[in-house]
Amino acid sequence: MTTPEYEVSAPDGLRRALRDAVDQLGAPDGFTPHLERPGDPSHGDLTTNAALVLAGPLRRPPREIAMELADMLPTGQSGIAAVEVAGPGFLNIRLDDDVLWEGLAGVVPAGSDWGRSAAASSERVNVEFVSANPTGPLHVAHGRGAAIGDAVASLLEWTGHSVEREYYVNDAGRQIELLGRSVDARMRQARGETVEVPEGGYQGEYLSAVASRIAAESGENSRPGTESPAGNAAEPAESLGDSGRIADLAARAAAILRDEQADDLDRFGVRFDNWFAESRLFEGGEVPELLARLELSGSAYRDDEALWLRTSDFGDEKDRVLVKRDGSHTYFVSDIAYHIDKRTRQFDRSIDVWGADHHGHVLRMRAALEAAGVDPEFLEVIIIQLVTVMRGGEEVKMSKRAGTFVTLRELLDETGPDVARYFFLMRRAEVPMAFDLDLALDTSEKNPVYKVQYAHARMCRIFERADLDPDRHAVPMREFAALELPSEREVAKAVLRFPEVVASAARARAPYQVCQYLEQLAGAVNGWYHEGNLDPEKRVLAEGPAREARLGLANAVRVTLRQGLRLLGLSAPERMIRELEEEGA
RNA sequence: GCGUCCGUAGCUCAGCCUGGAUAGAGCAUCGGCCUUCUAAGCCGAGGGUCGCAGGUUCGAAUCCUGCCGGACGCGCCA
């Protein structure tokens with residue numbers, strides 16, 4: 001029996017009993033009762049609307065069905081403490097406390113595995129993200145894509161899939177040629193020539209720095225006798241023809257800019273398993289092979305001196321050009337070849353993170369894959385909407401360096417990686433995002449990042465104060481029965497939801513769900529913790545029968561917050577440095 | 001014109017896929033709480049015609065249709 005993946009965790013016996021009960025009432029074949037977590041705690045721990053859904057097929061009043069189901073569930077067994085019928089016919093189920101204590105006792109021993117789960121069917125997934133052209137610095141929207149792509153990859157890893165993080169480098173084609181010509185113009189400008197950066201070229205000032213670096217490396221500005229850089233000493237550009245010189249400049253500039261992008265991403269905590277160069281597809285002969293195959297199968301045809309792909313046969317609004325009249329390839333050819341290459345590399349799925357300006361390409365890309373004989377379901381695309389950086393209620397528009405956009409590096413200089421990452425992750429990808437710099441720079445707990453990190457640090461500090469090593473402090477299940485405060489139970493229940501939150505976020509490719517969970521958990525934890533300020537009896541370290549149980553709860557919270565932060569690629573500080581203390585010292 | 005996404009509290013956003021019980025959170029506002037296991041915090045309150053209009057349903061923020069408003073696409077550019 002396979003339970004739908006989106007089900008909440010519940011004792012097996014309960015699930016089985018509920019299923020047997022609906023079968024006995026004559027539920028249609030294939031009907032599976034769904035258990036949910038009610039929003040209102042007074043509705044119990046789990047609830048099902050089975051009776052409401054069955055009312056139609058069984059042609060009976062829902063409350064009547066609900067009462068019969070309630071009688072059939074074995075109260076006192078299978079973790080079921082009580083069952084009651086409520087509202088129009090909901091079945092509200094209260095679980096035995098032992099279910100809670102048992103779960104809680106398992107958190108700390110699980111350690112770095114807490115929150116991870118096995119997949120029903122494990123897949124090899126290629127997560128491709130950022131993939132910015134190596135023609136300039138990364139901007140904030142790339143940062144958003146980087147954070148989301150990396151977190152989605154982690155979510156899949158945590159739920160039993162095998163993942164590779166990949167960056168596709170567009171190092172071929174017209175944009176790269178334009179880069180070369182733009183660098184050439186900047187080099188000439190540096191020598192005092194009056195030339196303009198070509199129309200449609202890269203105008204940003206960053207290229208002047210790239211140009212002077214290339215000039216220095218290739219010895220154009222070096223003094224006689226200066227040793228040229230070791231290894232691949234550059235061939236003097238003058239010995240190449242003009243187009244050769246441009247191509248050479250383009251390749252070097254692209255390499256420099258790619259390295260800068262990699263540096264920024266590294267600082268952001270994002271590392272790729274593969275940097276896949278577009279040029280490889282041509283060098284390896286994959287593109288000609290693909291074109292020949294498509295033409296042979298009839299999927300591609302010649303018209304008006306160009307080669308077209310019949311994407312309209314597969315849902316695209318019109319056919320698309322593969323090879324232009326001048327004989328050069330469109331980027332579309334590379335993209336198709338690239339995805340087929342991924343399939344050839346034995347991936348079951350390719351999850352691509354694309355900017356909003358590319359959303360129109362999803363349909364044709366899938367159509368193209370289908371035309372090439374690849375199941376279009378292979379490709380899954382996450383569209384990242386734009387980011388506007390706001391300060392003092394105004395949009396921050398210009399970058400000092402790039403001219404037209406705010407760079408990721410500039411943002412990191414202001415906020416640091418943890419805050420930037422979290423802010424990018426806390427909203428759904430498909431919603432345009434306003435990055436609130438004022439809130440990002442606020443170090444109080446109004447800032448959700450600090451709210452979560454403070455809660456983690458507080459739990460660590462409790463153990464420090466008690467002079468205990470939390471990793472070695474396992475609390476057995478029976479001790480937890482001493483937890484009696486409503487706030488303690490609330491925190492305990494929140495902790496135990498973590499694995500299903502991770503699973504749900506992974507399925508939805510939605511890291512923001514983890515953020516929401518962490519904020520909610522941190523809020524509950526802070527409330528619980530601060531009760532100790534009003535009443536010293538309620539402190540974790542207060543002497544009394546609940547001390548061990550509270551230590552166990554604090555420890556489970558600590559592990560959960562740490563795991564959640566790590567999953568998202570953030571640090572989990574054991575101490576927060578407060579400016580107040582620094583100033584007062 | 002066509003396509004995709006978005007429209008929920010003053011602001012930023014969840015909830016929509018998989019229809020159900022009084023529509024949630026954070027920030028902001030207002031009120032209460034500090035000789036603290038770090039009060040840069042905690043507790044409480046007010047605040048919403050779920051863009052509009054139809055339809056399906058016992059039941060619609062959620063599904064369907066139309067309209068209004070916004071973003072982005074609609075190249076033999078990438």
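Proteins get letters first, then strands, A, B, ... in listed order; numbering begins at 1 in each.
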Margin query: Say we look at G3(B) and G44(B): how far apart would their P atoms be, to the nearest angstrom?
Written below: 49 Å

Checklist line | Euclidean distance for P, G69(B) against G51(B) (whole angstrom) | finding: 16 Å

Margin query: Does V540(A) reach a base, just sugar-phosphate, or nothing at all? Heavy atoms under 4.0 Å.
Written below: base

Next item on the list: Report the residue (I462(A) or D303(A)) whose heavy-atom-nearest nucleotide on RNA chain B is the more 5′ of the two.
Entry: I462(A)

Next item on the list: Using the test side-chain hydrogen bond (donor to acceptor under 3.5 Å, both in side chains), find all partners of N133(A) that sit at least two apart in sequence or belong to another chain.
Entry: none

Margin query: Would you call the rings of Y338(A) and F276(A) parallel, tilted or perpendicular, taking 30° and 60° as the class edges?
Written below: tilted

For nucleotides 68-74 of chain B, tabulate all protein N/O to nucleotide N/O atom pairs closer than 3.5 Å, reporting atom names and distance.
residue	atom	partner	partner atom	Å
C72(B)	O2'	A356(A)	O	3.2
C72(B)	O2	H359(A)	NE2	3.2
C74(B)	O2'	E317(A)	OE2	3.2

Margin query: If you assign N526(A) and Q513(A) each to the RNA chain B nucleotide with the nearest heavy atom, which residue ends up on the more 5' nucleotide?
Written below: Q513(A)

Checklist line | C1' gap between A9(B) and G26(B), integer Å | finding: 12 Å

Notebook entry, point to check: When the P atoms of U29(B) and G19(B) are considered, how many whole Å apart are they?
Noted result: 40 Å

Margin query: Minimum heavy-atom separation for S182(A) and L207(A), please, with both atom names.
Written below: CB-CD1, 3.5 Å

Item checked: Polar contact flag, side-chain donor to acceptor under 3.5 angstrom, H339(A)-D352(A) -> yes

Item checked: Rounded interatomic separation in angstrom, taking CE from M433(A) and P from A14(B) -> 11 Å

Note to self: Suppose you measure atom P in U8(B) against the same atom in A14(B); what distance do you get, rounded to whole Å?
What the structure shows: 10 Å

Note to self: If the cut-off is 4.0 Å, is R428(A) near the phosphate of C13(B), judged by side-chain N/O to OP1 or OP2?
What the structure shows: no

Next item on the list: Would you kindly give the CH2-to-P distance between W354(A) and U4(B), to the nearest whole Å?
Entry: 16 Å

Next item on the list: Salt-bridge test for R258(A) and D171(A): reply yes if a basic N is under 4.0 Å from a carboxylate O, no otherwise.
Entry: no

Margin query: Restricting to non-hydrogen atoms, name the atom on D418(A) and the atom on Q453(A) that form the minimum distance, rounded to 0.1 Å.
Written below: OD2-NE2, 3.1 Å

Notebook entry, point to check: Expressed in whole Å, how much space separates the P atoms belonging to G66(B) and A28(B)?
Noted result: 43 Å

Checklist line | Distance between P atoms of C42(B) and C6(B) (Å, rounded) | finding: 33 Å

Margin query: Expressed as a whole number of angstroms, how long is the span from F435(A):CZ to C27(B):C1'?
Written below: 16 Å

Next item on the list: Figure out the CG/P separation between N447(A) and G41(B), and round it to whole Å.
Entry: 10 Å

Margin query: Closer than 4.0 angstrom, basic N to acidic O: yes or no for R174(A) and E177(A)?
Written below: no

Margin query: In this structure, how many angstroms lie between the P atom of G41(B) and the OH atom of Y454(A), rounded?
Written below: 8 Å

Margin query: I need the OH-P distance between Y450(A) and C27(B), as an integer number of Å.
Written below: 16 Å

Check: Is the closest side-chain heavy-atom distance between Y517(A) and V502(A) below 4.5 Å?
Finding: no

Note to self: Base, sugar-phosphate or nothing for Y512(A)? Non-hydrogen atoms, less than 4.0 Å.
What the structure shows: sugar-phosphate

Notebook entry, point to check: Base, sugar-phosphate, or nothing for G173(A), non-hydrogen atoms under 4.0 angstrom?
Noted result: nothing

Check: Which pairs, with at least one residue in residues 128-140 of chain A and sequence neighbours excluded, count as a salt bridge (Lys or Arg N to Asp or Glu O under 4.0 Å)?
Finding: E128(A)-K342(A)

Item checked: Base C76(B) paired with D304(A) side chain (donor-acceptor, <3.5 Å) -> yes

Next item on the list: Quick one: do H473(A) and E548(A) satisfy side chain to side chain donor-acceptor pair (under 3.5 Å)? Show the steps, please.
Entry: CA-CA 10 Å; H473(A) 196 84; E548(A) 268 307 298; 3.1 Å; yes

Distances under 3.5 Å only, N/O to N/O: pair up the protein atoms with those of nucleotides 19-26 of chain B.
residue	atom	partner	partner atom	Å
G20(B)	O6	L52(A)	O	3.4
A21(B)	N6	T47(A)	OG1	3.0
A21(B)	N6	N92(A)	OD1	3.0
A21(B)	N1	N92(A)	OD1	3.3
A21(B)	N1	N92(A)	ND2	3.1
U22(B)	O4	D40(A)	OD2	2.7

Check: Of the candidate nucleotides U12(B), C42(B), C76(B), which contains the atom at the shortest distance from the side chain of H530(A)?
Finding: C42(B)

Item checked: Integer-rounded Å distance: C5(B) P and L363(A) CG -> 11 Å

Note to self: Taking 4.0 Å as the cut-off, does a side-chain nitrogen or oxygen of R458(A) come that near to OP1 or OP2 on G41(B)?
What the structure shows: no

Note to self: If I pick the C1' atom on C5(B) and the same atom on C16(B), what distance separates them, to the nearest angstrom?
What the structure shows: 14 Å

Item checked: 4.5 Å side-chain heavy-atom contact, R349(A) and E380(A) -> yes

Note to self: Heavy-atom count check: over 12 atoms from other residues, nucleotides or ligands less than 6.0 Å from E537(A) CD?
What the structure shows: no

Notebook entry, point to check: Stem ranges for RNA chain B, with three or more consecutive Watson-Crick or G-U pairs under 3.5 Å?
Noted result: B:1-7 with B:68-74, B:10-13 with B:24-27, B:29-33 with B:41-45, B:51-55 with B:63-67

Notebook entry, point to check: For M390(A), does the CE atom sit with more than 12 other heavy atoms under 6.0 Å from it, leaving out its own atoms?
Noted result: yes

Show me the donor-acceptor pairs, under 3.5 Å and distance only, between side chains in residues 518-528 of chain A and residues at least two apart or in other chains.
residue	atom	partner	partner atom	Å
E519(A)	OE2	Y422(A)	OH	2.7
N526(A)	OD1	R458(A)	NH1	2.9
N526(A)	ND2	E445(A)	OE1	3.2
N526(A)	ND2	A522(A)	O	3.3

Item checked: Atom-to-atom span, CZ of R37(A) to C1' of U18(B) - whole angstrom -> 17 Å

